[in-house]
Each structure stands twice: as structure tokens, then as C-alpha cells.
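Everything below concerns the one structure shown next.
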Amino acid sequence: MGNMLEIKNLHVKLEEEDKQILKGVDLNVEAGKVHAIMGPNGSGKSTLSYVLSGRDGYEVTNGSATLLGEDILGMEPEERAAAGVFMAFQYPVEIPGVGNMTFMRTALNAQRKARGEDEISSADFLKLVRERAKELKIDAEMLKRPVNVGFSGGEKKRNEILQMAMLEPKMCILDETDSGLDVDAMKLVAQGVNALRSPDRGFLVITHYQRLLDHIEPDVVHIMSEGRIIKTGGPDLALEVERNGYENLKAEDA
């Protein structure tokens, strides 16, 4: 399948402050692989996820990002979703009055429509959601509640993983940098990622926590510092950071 997501020489600045945050990011995520990005605060990890998801306030000054050869930076967020990009946190956190089922079905049908496919009927949707929830060991009762209202952190994560399973994205981007995951939530995310790994799907997991990577076991780990990737390696690179911190790697890079 080759590269799913290709980022080349990506430079991004904050629109308001004219401040350069990404200074030439190069990154390829292959189909079937899980890539992790680690890095100290302010290294640009979250900015990268925001730019890939199409969040406002960032200006791409150079470089490109493509999904299966298609430029995604020029697309609206919903077009990116239809093209197969799933961004955890791309949805509003709480939507009172909107049932979870309705919300998920609307999201799924919006994507189907954008791809020129027929909408899914309520009955088929219900069947699908129950199957997926069962595979992921998620309590389907949760789905009857309004979106995320009164959800615990763990339930929000379950919900996110179920959305991911329902939307069947090609490229999943999970930004777990500042979500303050407790051990249980971390295991949930890991189980979700592991359950949804497939030869035609790529994952990019952005994290602070080596512990999360113990559960997910990424294929490739990238270390980001000051707006670019300074080192790439296997899962043992995450362990090295856990032991020695980022300073040694920065020094090597200098």
C-alpha cells in the first residue's frame, strides 16, 4: 500500500503572532503502521495535529501534506474527514440534546454522502453500531445518552474509539498530549488502536506518555523538538527518552 500520509518540509506559523512553529516537518506514515510522535512541551506536536485536522489560526508557509497522494491541506475539515482522516478531538466536546446515536449516524452519513454513497438506514446503522460496540467491548447503553454530556474521561475515550470504528478512517490521528489520561483511559485508547489496526489503515499517535506506548507498541517513534523531527527509531526510542529525557537527543541533533 505504501505511504498513507506524507508530510514534506511542512512549515507552519501562528496567524496572529507571525510566529513560526513548525520548521520543516518530514514524516511518512505507511498503511498498516502505527507511528508515535513524542516531544517536550512546545515542540510543535499538537500544532501538527491541528494543522492536519484543519483547525483555524494556523498558516502553512511551506511544504505539503497528502493522504494517498491527495493534498489535504487545501481541504475543509469535513472534506478531510470524508477523504478518510479521523482526528480524535475533532468534534465538539458536549452536545446537549443530541443523542449519541444521532450524532454518530449524522457523521457517518455526511461522509458517505461526500463519497457519493447512499445514506445508511436507521436499522442498518443500529445493527452496525451494536456489532462494533460488542467487538470493542463497549456498553451500547452509553449511546442512548446525549453526546458526551456527563461522560467521564474514560467514557469520552470509549466514545471516540467507537466513532473511529464506525467511520472506518484510512488515517487516524490521535492527539493524546494534554488529555491527562489515567491508566484506565490509556488502556482504553490502546485497546481501541490495537483493535482497529489493519493493513489499510495508518495511525499517528501524538503523546507525552511513554506509558501509552507500552500499551500500543508503535512501529515507529519520532521525537519532535523545536518544530521538526530530530530523531526517528523503533519503540526502544521511547524508552530511551523515558530514561534520559529529551536534552540528550537535542544535543545530538545540534
Side-chain angles (χ1 to χ4, degrees), residues 1-12 22 24-39 43-54 60 62-75 79-90 111 115 160-161 163-177 189-210 212-225 227-241 249 253:
M1 286 274 306
N3 287 331
M4 188 59 84
L5 177 70
E6 275 192 45
I7 300 169
K8 287 189 185 136
N9 194 27
L10 187 62
H11 289 70
V12 171
L22 299 184
V25 174
D26 289 295
L27 177 71
N28 292 334
V29 180
E30 309 86 354
K33 295 277 200 271
V34 177
H35 284 238
I37 295 184
M38 298 177 74
S43 59
K45 306 185 299 290
S46 285
T47 298
L48 179 62
S49 75
Y50 298 153
V51 169
L52 293 174
S53 67
V60 175
N62 202 344
S64 63
T66 56
L67 179 74
L68 293 170
E70 250 188 298
D71 168 40
I72 56 173
L73 297 176
M75 298 179 183
E79 294 175 304
R80 297 179 197 208
V85 178
F86 178 88
M87 182 77 204
F89 301 145
Q90 67 188 343
Q111 292 197 11
R115 292 195 288 255
E160 209 163 69
I161 287 156
Q163 280 173 11
M164 197 157 61
M166 289 300 293
L167 295 172
E168 299 188 330
K170 298 187 177 89
M171 184 67 223
C172 302
I173 300 164
L174 305 182
D175 187 349
E176 305 294 352
T177 323
V189 172
Q191 283 159 3
V193 169
N194 292 334
L196 293 170
R197 280 182 167 190
S198 96
D200 47 10
R201 181 172 294 143
F203 282 88
L204 186 58
V205 180
I206 297 167
T207 186
H208 258 327
Y209 313 107
Q210 155 61 33
L212 178 62
L213 303 184
D214 287 341
H215 297 296
I216 292 181
E217 292 187 16
D219 299 293
V220 183
V221 174
H222 306 275
I223 306 298
M224 203 162 172
S225 173
R228 38 191 208 89
I229 286 165
I230 59 168
K231 191 161 188 184
T232 294
D236 50 341
L237 184 52
L239 293 168
E240 186 188 327
V241 167
L249 295 176
D253 180 58

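Minimum heavy-atom separation, Leu204 to Leu5: CD2-CD2, 4.3 Å. Nearest heavy atoms, Leu52 versus Ala65: CD2-CB, 4.0 Å. In terms of heavy atoms, Ala31 sits closest to Pro199 at CB-O, 3.4 Å. The nearest pair of heavy atoms linking Val29 to Met171 is CG1-CE, 3.9 Å. Taking all atoms of both residues into account, the shortest heavy-atom contact from Lys45 to Thr207 is CE-O, 3.9 Å. The two residues Pro218 and Leu213 come nearest to each other via the heavy atoms CD-O, 3.7 Å.
Here Lys33 pairs with nothing under the salt bridge (charged side-chain N to carboxylate O under 4.0 Å, His left out) rule; sequence neighbours left out. In this structure Ser225 satisfies the side chain to side chain contact (heavy atoms under 4.5 Å, CB included) test together with Ile230, Lys250, sequence neighbours excluded. Taking Ser49 as the reference, Asp175 meet the side-chain hydrogen bond (donor to acceptor under 3.5 Å, both in side chains) condition, with sequence neighbours excluded. Asp71 meets the side chain to side chain contact (heavy atoms under 4.5 Å, CB included) test with Leu73; sequence neighbours excluded. Annotation: side chain to side chain contact (heavy atoms under 4.5 Å, CB included) contacts of Glu217 (sequence neighbours excluded): none. Annotation: side-chain hydrogen bond (donor to acceptor under 3.5 Å, both in side chains) contacts of Thr232 (sequence neighbours excluded): His222. When the salt bridge (charged side-chain N to carboxylate O under 4.0 Å, His left out) test is applied to Glu70, no partner is found at least two apart in sequence or on another chain. Taking the side chain to side chain contact (heavy atoms under 4.5 Å, CB included) definition, one finds that Ser198 meets it with Asp200, Arg201, sequence neighbours left out. Residues passing the side-chain hydrogen bond (donor to acceptor under 3.5 Å, both in side chains) test with Asp214 are Gln210, sequence neighbours excluded. By the side-chain hydrogen bond (donor to acceptor under 3.5 Å, both in side chains) test, Ser64 pairs with no residue at all, sequence neighbours left out.
Under the 3.5 Å distance criterion, the side-chain polar atoms of Arg80 are matched with a main-chain donor or acceptor of Met75. At distances below 3.5 Å, not a single donor-acceptor pair connects side-chain atoms of Arg197 with backbone N or O atoms of Val34. In this structure, Asp26 contributes its side chain and Asn9 its backbone to a donor-acceptor pair below 3.5 Å.
Looking at His35 and Asn28, their side chains never come closer than 4.5 Å, going by heavy atoms from C-beta outward. Taking 4.5 Å as the limit, some side-chain heavy atom of Thr66 sits within range of a side-chain heavy atom of Glu6. Two residues are said to be in side-chain contact when any heavy atoms from C-beta on lie closer than 4.5 Å; Ile206 and Leu174 fail this criterion. Here the side chains of Met164 and Leu196 are in contact, with some heavy-atom distance below 4.5 Å. When side chains are defined from C-beta on, Ile37 does not count as touching Val205, because their heavy atoms never get closer than 4.5 Å. Side-chain contact between Lys170 and Leu68 is present, with heavy atoms from C-beta onward closer than 4.5 Å. For the pair Val241/Val221, no side-chain contact is recorded, criterion being any heavy-atom separation below 4.5 Å from C-beta on. Met4 places a side-chain heavy atom less than 4.5 Å from the side chain of Leu67.
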Show, in sequence, the C-alpha distance, side-chain angles and deciding distance for Leu249 and Glu240, and conclude whether the side-chain contact (heavy atoms from CB on, under 4.5 Å) test is met. CA-CA 9 Å; Leu249 295 176; Glu240 186 188 327; 3.5 Å; yes
Would Val12 and Val25 satisfy side-chain contact (heavy atoms from CB on, under 4.5 Å), going step by step from the backbone distance to the final call? CA-CA 9 Å; Val12 171; Val25 174; over 6 Å; no
Decide side-chain contact (heavy atoms from CB on, under 4.5 Å) for His11 and Val60; before the verdict, give the C-alpha distance in whole Å, the side-chain angles of both, and the deciding distance to 0.1 Å. CA-CA 6 Å; His11 289 70; Val60 175; over 6 Å; no
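Distance check, rounded to the nearest 0.5 Å: CE of Met87 to OH of Tyr50 gives 8.0 Å. Taken from CE in Met224 to OG in Ser43, the straight-line distance is 6.0 Å, to the nearest 0.5 Å. Within the model, atoms CD of Gln163 and CD of Glu168 stand 14.0 Å from one another, a figure rounded to the nearest 0.5 Å. Distance check, rounded to the nearest 0.5 Å: CD of Gln111 to CZ of Phe86 gives 9.0 Å. Rounding to the nearest 0.5 Å gives a distance of 9.5 Å between CD1 of Ile229 and CD1 of Ile223.
Defined by atom type and a distance below 3.5 Å, a donor-acceptor pair is missing between the side-chain atoms of His215 and Gln191.
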